[in-house]
Amino acid sequence: MGTTEQVSKYKRIQPFIEIMDSTLRDGEQTSGVSFLPHEKLMIARMLLRDLNVDRIEVASARVSEGEKEAVKMICRYASQAGMLERVEVLGFVDGRLSIDWIAECGCKTVNLLAKGSYKHCTQQLHKSPEEHIDDIRHSLAYAKEKGIQVNLYLEDWSSGMKDSPEYVYQMMDALCRSGIKRFLLPDTLGIMNPLQCVEYFRKMIKRYPDCHFDFHGHNDYDLAVSNSLAAVLSGAKGLHVTVNGLGERCGNAPLSSVQVILKDHFHAKTNIREDKLNDISRAVEGYSGIAIASNQPIIGENVFTQVAGVHADGDKKDNLYYNDLVPERFGRKREYALGKNSGRANIAKNLEELGLELTPEQTRKVTQRITELGDRKEIVTQDDLPFIVSDVLKHDAPEDKVKLLSYMVSLAYGLKPIASVKVEINGKQYAADSTGDGQYDAFVKALRIIYKEYLDRTFPILENYAVSIPPGGRTDALVQTVITWRNGDKLLRTRALDADQTEAAIKATFKMLNMIEE
């Protein structure tokens, strides 16, 4: 059956696919990641209760006392919530040791790690296939005695099918009727491509049609998601994933990507609550310290952000740039980036969401200001927009009697900053130069010279100078400067915004001078 026919078949029958999340076991093998016991419990609760994954693999047996405490906490919670059968621990073919460790934690399912390639069996264990099978049978018998259900990993299965398929069949022939609930088939080294995955799974399912097979993909060739879907198309009943694609080396198949492709492209059914995908991703990002790439599909910060103005315009005209991955599906919302490529449509969309109504001319001025910020490679957020609107409309008031025509400030190591200023006051132009303790200080001293020598007027005294990010702003695109002046017995307080701190201070200064002229 060809690939197209397979996809059509799956659309018709809508298979159910089990999702097993291994973030707390395989995902913790990411370099630098180690979850504390209470962090593991928090993640496990979200995976089981909120996201509703079918199963979670939470640890490897015999790792540490901290790991044991974490498994006990998770099993205690899962037992109280009626979910204990959904918690699994990786165990080893080590006689009774792993089984006892898992039983002491209160867990009821072991994912037993056996060897799925002849090379691993003979060179790592230094045993014959017959000896290894005999050891596995002893572990199975003891697990049954302890009331523990067994799933069996065939580690390095992909290499086994590639280099030693007869060994894989020997293992399966010996164990397929031994009470193992699921056979877990990993691409341990991440070496497979989807065509090989289809070939190997077809062979397994043809020979062992009554067995339940899971696929466990690694991402060394960036094919973990593709291989996972190839496995489903070929009859796999379960997939292993991790939140944010955490895992050893290049990681595992990311839960969010696997879920949406299963649903949208193959119409498969899962129990995943998609509106919780973003929540679990952010939680794991925080606990692991591994940042999510901004362009990571589904969960990246920028994946529901339109940048080009033409896209915002198209969305306004019957959602021309939408696809099935609507942000609301994942508990998120679409955003329209503000920058040099925004255009009026993007800005209008953001203003509309904020409930701000501007005239076409005011929108033009705001657009021009955002474009200027974008040219400086500054990122502007929707939270910054009200401040930009306020600042632009106030700063561009036509009644200004004191206008800045040009200025230059320079800063050099070992020398005092220098400022050259040219202004227009009540229709007449003046210029002056000065040095100061800082760039803004030099600028103000030049203004003082103009007011004293040319106008014979006292320049207000600076009382307070404060710099901050605008309240609600999420980026460093804008700096807010608030300056308090004393002019005789009056206090004047002005504020201004700009990407540059000195320019923000200069704008606030000219607002103050215009207030005096009024």
Side-chain angles (χ1 to χ4, degrees), residues 1-23 26 47 51-57 86 88 111 116 151-154 157-158 160-162 168 172 181-188 190-243 245 247 251-274 277 297-298 324-325:
M1 185 184 293
T3 303
T4 303
E5 291 172 316
Q6 283 180 301
V7 172
S8 298
K9 171 190 170 186
Y10 273 82
K11 283 184 179 181
R12 290 195 302 271
I13 64 175
Q14 291 190 311
F16 175 80
I17 304 299
E18 268 190 354
I19 300 296
M20 193 275 272
D21 183 275
S22 187
T23 303
D26 218 2
L47 287 168
L51 194 64
N52 201 36
V53 298
D54 298 287
R55 298 145 50 208
I56 56 173
E57 190 176 47
R86 295 163 61 185
E88 303 170 5
N111 292 339
N151 301 319
L152 188 76
Y153 270 113
L154 292 178
W157 167 78
S158 51
M161 290 299 291
K162 178 175 176 286
V168 178
M172 287 297 303
K181 185 167 184 178
R182 302 177 184 89
F183 289 88
L184 317 177
L185 307 181
D187 181 17
T188 303
I191 59 170
M192 279 202 308
N193 63 51
L195 294 179
Q196 290 171 317
C197 193
V198 168
E199 177 189 349
Y200 300 160
F201 255 91
R202 282 181 178 177
K203 288 178 178 178
M204 295 291 287
I205 290 168
K206 184 177 180 179
R207 288 182 66 112
Y208 311 103
D210 298 326
C211 290
H212 175 120
F213 292 115
D214 281 6
F215 177 69
H216 180 107
H218 281 261
N219 207 34
D220 296 69
Y221 281 95
D222 204 18
L223 290 171
V225 174
S226 299
N227 287 333
S228 297
L229 301 170
V232 167
L233 281 174
S234 303
K237 295 181 179 178
L239 293 176
H240 297 188
V241 297
T242 60
V243 177
N252 295 28
L255 165 61
S256 52
S257 297
V258 168
Q259 165 61 26
V260 298
I261 298 175
L262 278 176
K263 181 175 180 180
D264 292 4
H265 288 268
F266 300 146
H267 299 268
K269 294 180 179 178
T270 70
N271 285 324
I272 299 298
R273 297 183 183 126
E274 293 184 337
L277 284 171
I298 314 306
D324 288 340
L325 300 175

How long is the span from the [atom1] atom in [X] to the [atom2] atom in [Y], to the nearest 0.5 Å?
X	Y	atom1	atom2	value
H267	K269	NE2	NZ	12.5 Å
D214	K181	CG	NZ	11.0 Å
T188	D220	OG1	CG	10.5 Å
I261	F266	CD1	CZ	7.5 Å
S22	L47	OG	CG	10.5 Å

Derivation and outcome, side-chain contact (heavy atoms from CB on, under 4.5 Å), residues L277 and L51: CA-CA 7 Å; L277 284 171; L51 194 64; 3.8 Å; yes
Hey, can you pull the donor-acceptor pairs under 3.5 Å for the side chains in residues 204-211, sequence neighbours left out?
{"from": "Y208", "atom 1": "OH", "to": "Y169", "atom 2": "O", "distance (Å)": "3.2"}
{"from": "Y208", "atom 1": "OH", "to": "D173", "atom 2": "OD1", "distance (Å)": "2.7"}

Whether [X] side chain and [Y] backbone form a donor-acceptor pair below 3.5 Å:
X	Y	result
R55	H240	no
Q196	N193	yes
N219	G251	no
N227	M192	yes
T23	V243	yes

For D21 and L255: C-alpha separation, side-chain torsions, deciding distance, then whether side-chain contact (heavy atoms from CB on, under 4.5 Å) applies.
CA-CA 8 Å; D21 183 275; L255 165 61; 4.2 Å; yes
Please tell me if the side chains of [X] and [Y] come closer than 4.5 Å, counting only heavy atoms from C-beta onward.
X	Y	result
F183	W157	no
N151	H212	no
V232	F215	no
I272	N52	no
M20	R182	no
L239	I17	yes
L325	D264	yes
L185	F201	yes

side-chain contact (heavy atoms from CB on, under 4.5 Å) filter on D54, not counting sequence neighbours, yields F16, E18, I19, N271
Identify the two heavy atoms, one from [X] and one from [Y], that lie closest to each other, and give their separation to 0.1 Å.
X	Y	answer
C197	A230	CB-CB, 4.0 Å
G116	V168	O-CG2, 3.3 Å
S256	P297	OG-O, 4.1 Å

*asked:* Run the side-chain contact (heavy atoms from CB on, under 4.5 Å) test on M172 and L154 for me, step by step, so that the C-alpha distance in whole Å, both residues' side-chain angles and the decisive distance to 0.1 Å come before the verdict.
replied: CA-CA 9 Å; M172 287 297 303; L154 292 178; 3.9 Å; yes
Practice problem: Measure the acute angle between the ring planes of H216 and Y153, then classify it against the limits of 30° and 60° as parallel, tilted or perpendicular. | Solution: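 It falls in the perpendicular class, over 60°.
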